[in-house]
Amino acid sequence: MTDDELDAVFGALADPTRRAILARLARGDASVNDLTELFPMSQPAISKHLKVLERAGLVSRTQKGTMRISHLEADPLREATDWLADYRAYWEASYARLDALLADLDDT
C-alpha cells in the first residue's frame with residue numbers, strides 16, 4: 001500500500017458516519033437507499049460518503065437494475081491494521097519496560 005493509499009484509508013476512517021457505513025456493509029451489501037434509512041442525512045450526503053470510501057478502496061459499487069449496491073472491500077483495512085501493528089509492538093515494549101521499572105521499585 002502506498003502512502004497516498006494509506007492516507008486515503010485513514011482519511012476515510014476519520015469520519016464517524018463513514019465508519020458506521022463500513023460497519024453496516026460488514027453485515028452485507030446495501031443500496032444507497034438502505035444506508036439513507038440508517039442515518040439522519042440526505043441521500044446525496046450518503047452518496048458523498050460512499051464516494052470517499054470508494055476512493056479509499058474500502059467500498060466498491062455494482063449496478064443491480066436501477067440500484068447501485070455497495071460492498072465492503074476489507075483488504076485496505078487489513079493493510080492499515082498491519083501498519084498500526086508496528087506501533088503496537090512499540091507500546092508493548094514500552095509497557096514491558098514500565099513493568100520492569102515498577103517491579104524494581106517494589107523490590108527496593
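Scope of the values below: all heavy atoms of this structure, side chains included, with no hydrogens, waters or symmetry mates.
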Identify whether Leu58 and Phe10 are in the same connected component of the hydrophobic contact network (ILVMFWY, side-chain heavy atoms under 4.5 Å).
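Per the 4.5 Å side-chain linkage, Leu58 and Phe10 are co-clustered.
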Would Trp91 end up clustered with Trp83 when hydrophobic side chains under 4.5 Å apart are linked, directly or stepwise?
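Different clusters: Trp91 never reaches Trp83 through Ile, Leu, Val, Met, Phe, Trp or Tyr contacts under 4.5 Å.
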Audit row: Leu22, Val59, side-chain contact (heavy atoms from CB on, under 4.5 Å) steps and yes/no:
CA-CA 8 Å; Leu22 291 177; Val59 167; 3.9 Å; yes
In the structure I gave you, are the side-chain heavy atoms of Val9 and Met1 within less than 4.5 Å of one another anywhere?
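Val9 reaches Met1 side chain to side chain.
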Applying side-chain contact (heavy atoms from CB on, under 4.5 Å) to His71 and Thr62, what does each step give before you reach the verdict?
CA-CA 8 Å; His71 317 271; Thr62 58; 2.9 Å; yes
Arg61 side chain to Ile69 backbone, donor-acceptor under 3.5 Å:
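Judged by distance alone, no pair lies under 3.5 Å.
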Reported CG-to-CD1 distance for the pair Leu72 and Ile21, which is rounded to 0.5 angstrom:
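Leu72 CG to Ile21 CD1: 11.5 Å, rounded to 0.5 Å.
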If you compare all heavy atoms of Ala8 against all heavy atoms of Ala56, which two are closest, and at what distance to 0.1 Å?
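Closest approach of Ala8 to Ala56: O-CB, 3.4 Å.
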Side-chain heavy-atom pair Tyr95, Tyr90 within 4.5 angstrom cut-off:
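No - every pair of side-chain heavy atoms lies 4.5 Å or more apart.
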If you count the non-hydrogen atoms of other residues, nucleotides and ligands that lie under 6.0 Å from CG in Asp3, is the total more than 12?
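Open: at most 12 neighbouring heavy atoms sit under 6.0 Å from CG of Asp3.
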Value rounded to 0.5 Å, distance of CZ in Arg55 from CG in Leu50:
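Reported value, rounded in 0.5 Å steps: 11.0 Å.
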Is there a path of hydrophobic side-chain contacts, each under 4.5 Å between heavy atoms of I, L, V, M, F, W or Y residues, that connects Leu77 with Tyr87?
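Yes, because Leu77 and Tyr87 connect within a single hydrophobic cluster, where side-chain heavy atoms sit under 4.5 Å apart.
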Atom pair CG (Leu105) and CG (Leu101), whose distance is rounded to the nearest 0.5 Å
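Spacing of CG (Leu105) from CG (Leu101) equals 4.5 Å.
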Ignoring hydrogens, what is the shortest heavy-atom contact between Glu73 and Ser60? Give both atom names and the distance.
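Heavy atoms of Glu73 and Ser60 come nearest at OE2-OG, 2.6 Å.
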For Thr36 and Gln43, which heavy atoms make the closest approach, and how far apart are they?
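For Thr36 and Gln43, the tightest heavy-atom pair comes out as OG1-CA, 3.7 Å.
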Quick one: CG on Leu35 to OG1 on Thr17, what's the gap to the nearest 0.5 Å?
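If I round to the nearest 0.5 Å, the distance is 11.0 Å.
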With a 4.5 Å cut-off on side-chain heavy atoms, are Leu13 and Arg18 touching?
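SC-SC contact between Arg18 and Leu13 ruled out.
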Establish whether Met67 and Leu38 are linked, either directly or via other cluster members, by ILVMFWY side-chain heavy-atom contacts under 4.5 Å.
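Met67 and Leu38: separate clusters.
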Under a 3.5 Å distance rule, please check whether Asp34 uses its side chain to pair with a backbone N or O of Ser31 as donor and acceptor.
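Yes: the side chain of Asp34 pairs with the backbone of Ser31.
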So do Thr2 and Glu5 actually touch side chain to side chain, heavy atoms under 4.5 Å?
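With C-beta onward as the side chain, the pair touches.
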Using a 3.5 Å distance criterion without hydrogens, assess whether the side chain of Glu79 forms a donor-acceptor pair with backbone atoms of Thr81.
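Flag not set: sc Glu79 to bb Thr81 has no pair under 3.5 Å.
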Can you tell me how far apart CG (Leu53) and CZ (Arg19) are? Round to the nearest 0.5 Å.
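Answer for the CG-CZ pair, Leu53 versus Arg19, is 11.0 Å.
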If you take all heavy atoms of Leu25 and Ser70, which pair is closest and at what distance?
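Looks like CD2-O, 3.6 Å.
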